[in-house]
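Written out below as structure tokens is the structure these notes cover.
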Amino acid sequence: MPELPEVEALRRRVEEGALNRTIERVDLGNDTSHIDLPGPDDRGRLEGTQFTEARRHGKYLFAGSKSGPWLALHMGMAGSVRVYDAADGNPDYARLIVAFEGERRLAFRDPRKFGWAKVVETPEDEIAAHDLGPDALDLDRDTFISRLSGGRGAVKSALLDQSRIAGIGNLWADETLYQTGIAPDVKLPELADGQIADLHRAAIRILRTVCDTDATYSELPDAWLIHRRETGRACSRCDGKIESKKVGGRTSYYCPDHQGGGG
DNA sequence: GACAATGTTCGCAG
DNA sequence: GCTGCGAACATTGT
């Protein structure tokens with residue numbers, strides 16, 4: 001469940017249960033074919049060290065300490081992290097298992113094998129290697145506007161572009177557009193500065209709200225699009241009905257009645 | 001069996 | 001060289 005708020009929830013799990021414990025071993029889990037995972041040498045580098053910090057940038061998660069090295073994780077489409085005790089047994093689809101001294105374990109799970117794990121020197125190096133823009137939650141209004149401006153494509157594609165802004169994915173891009181009243185396929189040049197400012201306000205509010213629930217969708221307001229991502233459902237903001245279309249290769253749910261400009 | 005899935009990356013066309 | 005698409009990646013669930 002891996003957009004910014006979902007990864008932030010995972011970061012907190014790591015922070016709460018896996019810091020300041022000496023790493024005894026790092027092992028591969030089950031069925032690790034076709035997944036990019038650290039080799040024996042890199043896994044060995046983590047042994048004897050402790051994670052003293054868990055960081056997140058966009059959808060990327062990092063655990064490590066000032067002196068490094070760091071474990072970098074990307075969840076792909078369905079990855080997650082679990083902190084547990086050895087007696088509980090390893091979770092399903094565990095691909096990499098960090099065993100701390102004592103019983104505590106941290107597993108990187110990835111059922112659909114689109115994620116990866118690697119050992120890196122610093123989070124900054126990895127952020128630069130992927131050409132990530134600033135984290136969405138760190139953006140002030142003017143920076144958001146400048147990073148989202150420029151280009152000719154659809155506004156939704158720009159929101160999803162991790163090199164512009166890191167962290168927004170398909171679900172929360174749709175939610176932001178729905179709550180701002182802008183159709184996903186409106187082209188950037190058609191947007192007024194005021195509309196981009198509206199997107200900023202909505203995106204920050206939405207991402208913070210989802211983070212506050214630890215990405216528990218059932219706790220989010222009933223009126224949100226997240227609860228009605230299905231064609232034909234009633235719009236919560238007007239008399240329209242939800243429709244879907246592909247924008248930027250991704251299925252996009254929106255209300256053609258109150259989201260104007262191209263839907 | 002067909003299709004879609006919350007993401008990233010690659011190749012190609014413009 | 002840059003930008004914008006579409007397809008591909010591997011697997012699960014409906």
Side-chain angles (χ1 to χ4, degrees), chain A residues 1-11 29-37 56-61 72-81 91-96 108-118 120 126-133 135-136 147-178 184-191 203 206-207 209-211 213-218 220 224-232 242-254 262:
Chain A
M1 314 158 346
E3 296 181 44
L4 186 156
E6 293 80 6
V7 177
E8 176 62 18
L10 300 177
R11 190 196 68 77
N30 298 323
D31 186 13
T32 58
S33 64
H34 300 105
I35 310 185
D36 198 4
L37 296 169
R56 180 192 57 72
H57 188 102
K59 307 170 190 173
Y60 293 67
L61 183 59
L73 298 173
H74 195 283
M75 307 302 153
M77 290 281 263
S80 66
V81 160
D92 290 345
Y93 307 111
R95 312 303 188 189
L96 190 75
F108 165 56
R109 305 176 58 253
D110 188 13
R112 293 186 187 172
K113 295 189 170 184
F114 271 17
W116 49 258
K118 65 200 279 197
V120 302
E126 193 64 15
I127 290 164
H130 291 278
D131 192 27
L132 298 182
D135 187 82
R147 296 206 65 91
L148 209 61
S149 306
R152 295 159 278 130
V155 58
K156 178 168 174 181
S157 299
L159 286 170
L160 293 178
D161 182 347
Q162 303 298 297
S163 68
R164 291 178 184 260
I165 295 168
I168 300 175
N170 198 37
L171 264 48
W172 305 125
D174 278 1
E175 189 72 54
T176 299
L177 291 161
Y178 178 80
D185 56 352
V186 172
K187 301 291 186 276
L188 285 178
E190 298 166 7
L191 286 180
I206 288 164
L207 293 172
T209 302
V210 184
C211 283
T213 68
D214 266 344
T216 306
Y217 298 174
S218 59
L220 296 170
W224 282 27
L225 177 67
I226 190 71
H227 300 304
R228 55 199 78 222
R229 295 179 62 83
E230 197 179 340
T231 54
I242 304 300
E243 290 183 9
S244 70
K245 68 159 65 170
K246 294 270 186 189
V247 179
R250 315 299 308 279
T251 300
S252 306
Y253 291 90
Y254 69 107

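The sequence lines fix the lettering, A, B, ..., with proteins before strands; numbering per chain opens at 1.
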Handout entry: Pairing annotation in dot-bracket form, given for DNA chain B with Watson-Crick or G-U pairs under 3.5 Å and | for cross-strand partners
Key = .||||.||||||||
Exercise for the section: Using atom CE of A:Met75 as one end and atom C1' of B:dT6 as the other, report the distance to the nearest whole Å. Expected result: 13 Å
Problem - Whole angstrom value for the distance that separates C1' of B:dA4 from CD of A:Glu230 - result: 14 Å
Problem - Spacing between A:Arg164 atom CZ and C:dC2 atom P, to the nearest angstrom - result: 15 Å
Exercise for the section: Round to the nearest Å and state the distance from A:Asn170 atom CG to B:dA5 atom P. Expected result: 8 Å
Exercise for the section: Could you check if a side-chain atom of A:Trp116 sits within less than 4.5 angstrom of a side-chain atom of A:Arg95, using non-hydrogen atoms only? Expected result: no
Problem - Letter per nucleotide, 5' to 3', of nucleotides 9-14 of chain B [B base touched, S only sugar-phosphate touched, - untouched; heavy atoms, 4.0 Å] - result: S-----
Exercise for the section: Starting at atom CD1 of A:Ile35, determine the distance to atom P of B:dG7, rounded to an integer number of angstrom. Expected result: 18 Å
Handout entry: Interatomic distance, A:Lys59 NZ vs B:dA5 C1' [rounded to whole Å]
Key = 14 Å
Problem - Gap in Å between the two C1' atoms, one belonging to C:dG4 and one to B:dT6, rounded - result: 23 Å
Practice task
At under 4.0 Å between heavy atoms, which parts of nucleotides 9-14 of chain C does protein reach? Answer with one letter per nucleotide, 5' to 3': B base, S sugar-phosphate only, - none.
Solution key: BBBB--
Exercise for the section: Look at A:Lys113 together with A:Asp31 and state whether they make a salt bridge at an N to O cut-off of under 4.0 Å. Expected result: yes
Problem - Interatomic distance, A:Leu96 atom CG to A:Ile35 atom CD1 [nearest 0.5 angstrom] - result: 9.5 Å
Fill in the blank from the handout: Between CG of A:Leu160 and C1' of C:dG6 the distance, given in whole Å, is 15 Å
Practice task
Could you check whether A:Gly151 gets within reach of a base, just the sugar-phosphate, or nothing at all, counting any heavy atom under 4.0 Å?
Solution key: sugar-phosphate
Handout entry: Test item: A:Arg112 side-chain N/O and A:Gly79 main-chain N/O as donor-acceptor pair under 3.5 Å
Key = no
